[in-house]
Amino acid sequence: MHIVLDRSGASAIRAIRLDDDGTILGDETMERADLPAFARAAEPEAPRWVWSDTRAWYPALLAAGVRVERCVDLQLSHTILRLSALSASSTLALAPPGPWDAAPDISEEPAVSHVALFDLDEEPAEPGETISALDEFTAQREAVDGSTSPGRLRLLLAAESAGALIAAEMRSAGLPYSAERHDALLTELLGPRPRPGSRPVVLEQLIGEIRDVLESPSLNPDSAPDLMRALQRAGLIVTSTRSWELRKLEHPVIDPLLRYKKLSRLLSANGWGWLDAWIRDGRFRPDYVPGGVVTGRWATRGGGALQLPRQVRGAVVADDGWKLVVADAAQLEPRILTGLSGDTAMAAAGRGKDLYEGIVASGAVDERAHAKVAMLGAMYGATTGESGRLMPRLTRAFPRAIRLVEEAARAGERGEIVTSRLGRSSPRPGSSWLATQSAASGAESTDADERRARSQARDWGRFTRNFVVQASAAEWALCWMAELRKRLVALAPSDRLEDGPHLVYFLHDEVIVHTPAGLAEQTAEAVTAAAAEAGRLLFGGFPVEFPVTAAIVDSYAHAK
DNA sequence: CACGGGTGCGCG
DNA sequence: AAAGCGCGCACCCGTG
């Protein structure tokens, strides 16, 4: 059963019950304040809630203590179906841009008065104003049912929507985070917290030292041009001021400069200001954006949650009597490529724990580091350097896997789209890309035109090459989390999210579950079982394994 | 003063 | 331009 929620009229909410054929079973209207009670009462029937946008609907339910098991996020689903090659001939995909193609509403509050961004050619109306949730849902079902692979798309939309629920729940629960430990770390490295407008003493000292050594009393080391000039005056030959480049040099300024760069980065990205802005009541609540990346990976807005430096992970600590289960998928992307291509030789190499060791054992390359750099090169499109040199050996050992990424690259170079395992397709290249390509094939094109076009075509080919792997890996990760969430609900002692084990962090191929200590072992088993299930969902019986490491720890810093 | 491109660096 | 993919964010600096 589905329950479609619609807010198209003023403040009232309509709830329309549908059976599996889409027949309307009931239609009622309620005030917004009554929705949590309604949802709580209906949830035991395990409906799939259909709503415009999870971030607009679900936080209020969570705040009222109501979780839902399943939903359809129409906005996220719409975006997938509009672009997918599998549903390209549907009415939904062929329609001109409409209200559901507007930039997604990212406000926290239910969309009472959300304002569209008027930088588009067309001015799309608000979702729900002109096309109701029910009509959109109907159009989406038609698009899926009439697609070339309904099963895959159904799974993708379910996984994407489950991800939206999880993102809202993770934000609601928050990542357990010790402001005290974070502050202690900052104080240890930078000195005591300075008053607003001044620099920590350690940075002040380092700047003094750098200025002395370079004899540049007014140097601002945060200014790349300024720093570059000062380094050149000191006789250092550099083409940039990047740390990795400076590290190669030998000069008394290098050590304090690198220390300055590291510490000032810590201060500006995760200093006291970040602590004040993002940590409340022992929780970090980042704003996750499911589907925020073209490949289907999540993004975040503010707080830099997906760039939490290793340096500060010691501040992520379980509550008393609780544990963190920190899990990551080992060599996820190469294993995804294995499944995508059905490469049995690579599947054999990946049997067991470490795929790269397996590649060494297969005889293709002679050490683990080479296996890793070669695989990354294959998936990212490296042509030169060590990775480029290793490619022929990799191609000989794993022809099917390499052929898959090569074909994706060629398609991109031709301006075609590519599609992930479950049906997410890459965007088409933009108008300037097409203009450059056609300029190069015109009658009076110059060598420069052709060079530019070729280089740009290769750039796009590297994008599509990586897209098939990254997007499919993102799908695997969504299925993993959705399966894990299901298993965690089964372990939970109550309906309340924070009474039982629950997801608190997600980082592409890594999750953290916060769990009562007594359930930590079962949680770790659930993590592993969910990974195996995700592999079956994507690749059926093909024997590619997805091992995960699951560490039971008190602090994130203790994992791995 | 706001904005946007460039640089640099954190994560996968 | 680190050898290649995908991001977010802080800061500088030139432009309007």
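All heavy atoms count here, side chains included; hydrogens, waters and symmetry mates do not. Chain letters run A, B, ... following the sequence lines, proteins first and then strands; every chain starts at 1.
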Test A:S77 against A:E160 for side chain to side chain donor-acceptor pair (under 3.5 Å), laying out the working first. CA-CA 8 Å; A:S77 301; A:E160 183 87 340; over 6 Å; no

Under 4.0 Å between a Lys/Arg side-chain N and an Asp/Glu carboxylate O for A:R410 and A:E406? yes

Specify the separation, in whole Å, of atom [atom1] of [X] and atom [atom2] of [N].
X	N	atom1	atom2	value
A:R313	B:dC11	CZ	P	6 Å
A:L263	B:dG10	CG	P	11 Å
A:M379	B:dG12	CE	P	15 Å
A:L231	B:dG8	CG	P	11 Å
A:D459	C:dG4	CG	C1'	11 Å
A:R297	C:dC5	CZ	P	13 Å
A:W274	C:dG8	CH2	P	18 Å
A:W460	C:dC5	CH2	P	12 Å

Within the 4.0 Å heavy-atom criterion, would you say [X] contacts the bases, only the backbone, or no part of the nucleic acid?
X	value
A:L308	sugar-phosphate
A:R465	nothing
A:V294	sugar-phosphate
A:G303	sugar-phosphate
A:T300	sugar-phosphate
A:G377	base
A:R265	base

Does the side chain of [X] get closer than 4.0 angstrom to OP1 or OP2 of [N] through an N or O atom?
X	N	value
A:K248	C:dA2	no
A:S243	B:dC9	yes
A:R242	B:dG10	no
A:N220	C:dC12	yes
A:S240	B:dT7	no
A:K261	B:dG8	no

[options]: which one has an atom nearest the side-chain heavy atoms of [X]?
X	options	answer
A:R310	C:dC11, B:dG10, B:dG12	B:dG12
A:H508	C:dG4, B:dG12, B:dG10	B:dG12
A:T241	C:dA3, B:dG8, C:dG6	B:dG8
A:A382	C:dG6, C:dG8, C:dA3	C:dA3
A:F463	B:dG12, C:dC5, B:dC9	C:dC5
A:Q307	B:dG12, C:dC13, C:dG8	C:dG8
A:S223	C:dC11, C:dC13, C:dA3	C:dC13
A:N466	C:dC5, B:dT7, C:dC7	C:dC5
A:V293	C:dC13, B:dG8, C:dG6	C:dG6

Scan side-chain atoms only and decide if A:D554 and A:H558 contain a donor-acceptor pair under the 3.5 Å cut-off. no

Would A:H502 and A:E169 count as having a side-chain donor-acceptor pair, cut-off 3.5 Å? no

Classify the ring geometry of A:F546 against A:F539: parallel below 30°, tilted from 30° to 60°, perpendicular beyond 60°. parallel

Would you call the rings of A:Y177 and A:H182 parallel, tilted or perpendicular if under 30° counts as parallel and over 60° as perpendicular? tilted

Given A:R465, A:K372, A:R297, the one that forms salt bridge (charged side-chain N to carboxylate O under 4.0 Å, His left out) with A:E333: A:R297

Centroid distance under 5.5 Å and plane angle under 30°, A:W244 vs C:dA2: yes

Does A:R424 reach the side chain of A:T295, with side-chain heavy atoms less than 4.5 Å apart? no

Rounded to whole angstrom, note down the C1' distance from B:dG4 over to C:dG4. 27 Å

Expressed as a whole number of Å, how far does the C1' atom of B:dG5 sit from that of C:dA3? 25 Å

With both distances kept under 3.5 Å, what pairs with C:dG4, Watson-Crick or G-U wobble? none

